[in-house]
Amino acid sequence: MTVRTRFAPSPTGYMHIGGMRTALFCWLWARHNRGQFILRIDDTDQQRNVDAALGPILDAFRWLGLDWDEGPEVGGPHAPYFQSQRRSLYDAALQQLLDAGKAYRDFEAPEDTQSQREAAEKEKRVYVSSRASLVLSQEETAKLMAEGRPFVVRLLVPRTDKVVIDDHVRGQVEWDCSLMPDPVVARSDGSPLYNFATVVDDAALEITHVIRAEEHLPNTPIQVLLHRALGYKTPEWAHIPYVASPGSKEKMSKRKIDKYRTNPQFQKLFELGDQVLSRVGIDPGSDALSPVMVAYYQQVGFLPAGVLNALVRLGWSLDDQAEFFTLSEMVQKFTLERVIKSAAGLDPDKMLNFQAHWMSELPAEEKLAGCLPFLKKAGLIDDENDAATRARVASVIDLAADRIRVFGDIFQLDEFFVADERLKMDDKNFQKRVVKPEAAVDLLRDLRKRLEVVTDFTATPLHDLLQGFAGEKQVKVGDVFPALRLCVTGKAQGADLFRSLELLGRDCVLGRIDRAIGLAESQRAG
RNA sequence: GGCCCCAUCGUCUAGUUAGGUCUAGGACAUCGGAUUUUCAUUCCGGUAACAGGGGUUCAAAUCCCCUUGGGGUCACCA
């Protein structure tokens, strides 16, 4: 048997991080078994704009490197892969159910059904369908139809049956059919409902394993009944836990983003994200892009490897040790058997840690390729292809070392790209290190003279020079180094000071010292 | 409320199927310390969990029951 799994997104305009985890598990199970992974678009409820709303979803798959064997763009033997284009299949299946007497036309007014439901609830009684339309004779039914009386089609639930599944994650789960209302399978306009279309398609596409989030568990008995009624072989089920928001068991949701902003576990990620996004021209406060969406991580400069690793470890583990997995290792080692049952909260800190790990493994050339677009978007460089620019960026990346966890972290080193007059000063520390200490400005002036004449403006001689200078002046290096750093980078801390000086170059360093001295003097005067 | 699911450090998890090797392991976070005259990294170390109650058993985190708690879902949405 060839394993075939599917992921069936609705075109919503964005890819949910939790949905992505579900998709990843589907994909991994298919690949692990050398089977096929199918993308099917559940757009029965959509009108236009399917293309626009689908784009970000396909982009997310492409970005993470999850390919699909059948589906949009690639087609396949069971095309089309949009439910909106498969109507004839549903119509035929509907007719089949009706002909076999396994479904019936329900002429009951929706309000009546609703009030029965409410009455049952009030009386603490289980609600099941009245089936009033079931007693109608063929003639009566035909008459009502001829009159144009609206009806829905309901599956006739075999009330004495039980549905038992052997779920790959949850084990045996069972439902008593006597407690189930007859589910609607077709609306009054004849269009199929989710549960029905899904079953028809899962069978038609020969899906062997339905792997989906556990929120679908209550749909399962209905779908099993539908499979049976249509004479299909039921697929195997695996209901995986949904992705919860950090530190909770609540399903992660796009609408709760304001709440997440105040969640301490989300703090570092938001800080990082806000900082990067504001530089690349995206409003960090807007909910058009948030950590609930896969695109967020891409825009902030995460690696697919980092996101993938974080996702796979959410609800799945190999053993008591392994944390890091490449995609191909995941394919090799993933099994449904080792998926956990309980909901797993997204852990942004751990995600950042996975990310940092894979970034540190990334070859320099790829780091460069990743950082360039960020600098370009922020207007910090002009031409990504210019050899000199690339060389400079490469040097900065090398200097930054593991300070770059996401590509957007390159902005931490923006002093290497901004013009001198636009260098932002960390005012608080500038006050403390340069403006307030009496001797600081004089010291900087003397230092400037030395820097002006030093023959070899590279890290090691510069280090020796500074060291000697401090000794000579009888001051602590702690009084000189930080002040100099503030003057030339605007920051209180950062990458190696001497390599920074070398990379900045003599002219730049001298100019920035002058500017800082001027700034300090005017602040002292003021 | 009905139905269903879940329950180990703050978080992600190992251990539960085949009870003993678990004085409960790892990772992230956190706190200390070392290295780096900054920051980051790296390295060492610390704090920290079997929801509660009953059984079964020589022995229970592991099996059974109850309680509590958390969650999902209850549409002519998907």
Side-chain angles (χ1 to χ4, degrees), chain A residues 8-12 42-46 83 106 110 113-114 117 120-122 124-127 150-154 167 169-171 173-176 179-181 183-195 197-198 212-221 239 241-242 244 246-251 264-265 268 310 313-324 337-338 340-354 356-357 360 400-405 409 412 429 463 466-467 470 476-478 480-482 484-486 489 491-497:
Chain A
S10 284
T12 52
D42 284 13
D43 59 348
T44 52
D45 200 39
Q46 304 288 319
Q83 287 193 325
D106 178 10
T113 307
Q114 180 61 23
R117 202 182 279 272
E121 196 168 322
K122 198 173 281 177
K124 299 193 174 191
R125 179 159 55 72
V126 175
Y127 168 78
F151 62 88
V152 294
V153 178
R154 289 183 188 272
D167 191 280
V169 177
R170 261 137 242 287
V173 184
E174 53 178 89
W175 295 266
D176 186 343
L179 270 24
M180 287 166 61
V184 174
V185 293
R187 299 183 179 91
S188 51
D189 66 358
S191 61
L193 253 68
Y194 166 75
N195 274 324
T198 294
R212 57 183 8 174
E214 68 168 306
E215 64 216 59
H216 282 288
L217 206 43
N219 285 324
T220 309
H239 287 91
Y242 52 86
S248 88
K249 298 288 178 204
E250 272 177 40
K251 217 164 76 172
Q265 292 200 49
K268 277 188 205 166
R313 284 290 288 102
L314 225 54
W316 178 84
S317 65
L318 178 67
D319 53 30
D320 61 341
Q321 297 288 323
E323 294 285 348
F324 299 115
E337 186 180 49
R338 292 203 59 85
I340 201 87
K341 288 171 167 170
S342 55
L346 184 75
D347 188 340
D349 286 333
K350 194 151 179 170
M351 192 173 193
L352 228 30
N353 187 267
F354 281 124
H357 174 263
S360 74
D402 29 33
R403 266 162 278 249
I404 295 182
R405 299 113 83 217
D409 277 328
Q412 283 177 31
N429 281 296
H463 176 256
L466 267 285
Q467 191 88 49
K476 286 178 282 191
V477 292
V480 184
F481 291 14
L484 180 59
R485 180 188 290 282
L486 251 336
T489 70
K491 300 183 175 84
Q493 65 248 158
D496 184 84
L497 178 59

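Below, chains carry the letters A, B, ... as their sequence lines are ordered, and counting in each starts from 1. Since this is a predicted model, take the numbers as computed values, not measurements.
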When rounded to the nearest Å, what value does the distance between C1' atoms of U36(B) and A27(B) take? 25 Å

Between A49(B) and C4(B), how far is it from one P atom to the other, in whole Å? 35 Å

Residues in side-chain contact (heavy atoms from CB on, under 4.5 Å) contact with Pro482(A), at least two apart in sequence or another chain: Arg433(A)

Write down the distance separating the P atoms in G2(B) and C66(B), rounded off to the nearest Å. 15 Å

Closest listed nucleotide, where the reference is the side chain of Lys251(A) and the choices are C28(B), G72(B), U30(B): G72(B)

Just the atom pairs and distances: protein N or O near nucleotides 41-49 of chain B's N or O, under 3.5 Å.
from   : atom 1 : to        : atom 2 : distance (Å)
U41(B) : O2'    : Asp402(A) : OD2    : 2.5

In whole Å, measure the gap between the P atoms of U67(B) and G1(B) for me. 14 Å

Rounded to whole Å, the NE2-P distance (His463(A) to U38(B)) equals 10 Å

Watson-Crick or G-U wobble partner of C74(B), both distances under 3.5 Å: G1(B)

So what does Arg485(A) hit on the nucleic acid, given a heavy-atom distance under 4.0 Å: a base, only sugar-phosphate, or nothing? base

Round to the nearest Å and state the distance from Arg403(A) atom CZ to A40(B) atom C1'. 5 Å

Here's a test of your reading of the structure: between Ala322(A) and Asp496(A), which maps to the more 5' nucleotide of RNA chain B? Ala322(A)

To the nearest angstrom, the CE-C1' distance between Met351(A) and A27(B) comes to 16 Å

Classify the nucleic acid contact of Ala400(A) as base, sugar-phosphate or nothing, counting any heavy atom under 4.0 Å across all strands shown. nothing

Quick check on U38(B): is either OP1 or OP2 less than 4.0 Å from any side-chain nitrogen or oxygen of Lys491(A)? no

Rounded off to whole Å, could you give me the CG-to-P distance for the Asn353(A) and A27(B) pair? 11 Å

Distance between the P atoms of A48(B) and C6(B), in whole angstroms? 31 Å

Base, sugar-phosphate alone, or nothing: which one does Lys476(A) contact when heavy atoms must sit under 4.0 Å apart? nothing

Only pairs with both distances under 3.5 Å count, Watson-Crick or wobble alike; so what is the partner of G20(B) in this structure? C58(B)

Residue pairs passing the side-chain hydrogen bond (donor to acceptor under 3.5 Å, both in side chains) test with at least one member in residues 340-349 of chain A, sequence neighbours excluded, are none

Quick one: Leu352(A) CG to A29(B) P, roughly how many Å, whole number? 9 Å

For Gln265(A), which residues count as a side chain to side chain donor-acceptor pair (under 3.5 Å) partner, sequence neighbours excluded? none

Using the salt bridge (charged side-chain N to carboxylate O under 4.0 Å, His left out) criterion, which residues pair with Asp409(A)? Sequence neighbours excluded. Arg405(A)

Roughly how far apart, to the nearest Å, are G19(B) and C58(B) at atom C1'? 12 Å

When you check every protein heavy atom under 4.0 Å of nucleotides 2-15 of chain B, what one-letter string (B, S, -) results, 5' to 3'? -SSSSS---BBSSS

Taking the side chain as C-beta and beyond, is there a heavy-atom pair between Asn195(A) and Val185(A) under 4.5 Å? no

Pick out the pairs of N or O atoms, protein on one side and nucleotides 75-78 of chain B on the other, that lie under 3.5 Å.
from   : atom 1 : to        : atom 2 : distance (Å)
C76(B) : O2     : Ser188(A) : N      : 3.1
C76(B) : O2     : Ser188(A) : OG     : 3.1
C76(B) : N3     : Ser188(A) : OG     : 3.2
C77(B) : OP2    : Arg187(A) : NE     : 2.2
C77(B) : OP2    : Arg187(A) : NH2    : 2.5
C77(B) : O3'    : Arg187(A) : NH2    : 3.2
C77(B) : O2'    : Asp45(A)  : OD2    : 2.8
A78(B) : OP1    : Thr44(A)  : OG1    : 2.7
A78(B) : OP1    : Arg187(A) : NH2    : 2.8
A78(B) : OP2    : Tyr194(A) : N      : 3.0
A78(B) : O3'    : Ser10(A)  : OG     : 3.4
A78(B) : O3'    : Asp42(A)  : O      : 3.2
A78(B) : O2'    : Ser10(A)  : OG     : 2.6
A78(B) : N6     : Asn219(A) : OD1    : 3.2
A78(B) : N6     : Asn219(A) : ND2    : 3.2
A78(B) : N1     : Asn219(A) : ND2    : 3.4

Looking only at side chains, do Ser191(A) and Arg187(A) share a donor and an acceptor under 3.5 Å apart? yes

Which residues share a side chain to side chain donor-acceptor pair (under 3.5 Å) with Asp402(A), sequence neighbours left out: none

Using both distances under 3.5 Å as the test, list the Watson-Crick or G-U wobble partner of A49(B), or none. none

Walking RNA chain B from its 5' end, the first of Glu337(A) and Glu250(A) to be reached, judged by nearest nucleotide, is Glu337(A)

Can you tell me the distance, in whole Å, between the CG atom of Leu497(A) and the C1' atom of U37(B)? 11 Å

Distance between the C1' atoms of U17(B) and C64(B), in whole angstroms? 16 Å

Tell me every residue that passes side chain to side chain donor-acceptor pair (under 3.5 Å) with Gln493(A), counting only those two or more places apart in sequence or in another chain. none

Who are the ring-ring contact (aromatic ring centres under 6.0 Å, His included) partners of Tyr194(A), not counting sequence neighbours? His216(A)

Applying side chain to side chain donor-acceptor pair (under 3.5 Å) to Arg117(A) and not counting sequence neighbours gives none

To the nearest 0.5 Å, what is the distance between OG on Ser360(A) and CD1 on Ile404(A)? 12.5 Å

Just say parallel, tilted or perpendicular for the rings of His357(A) and Phe324(A), cut-offs at 30° and 60°. parallel

Among residues at least two apart in sequence or on other chains, which ones pass salt bridge (charged side-chain N to carboxylate O under 4.0 Å, His left out) with Arg212(A)? none

Nearest-angstrom distance, C1' atom, G33(B) to G52(B): 40 Å

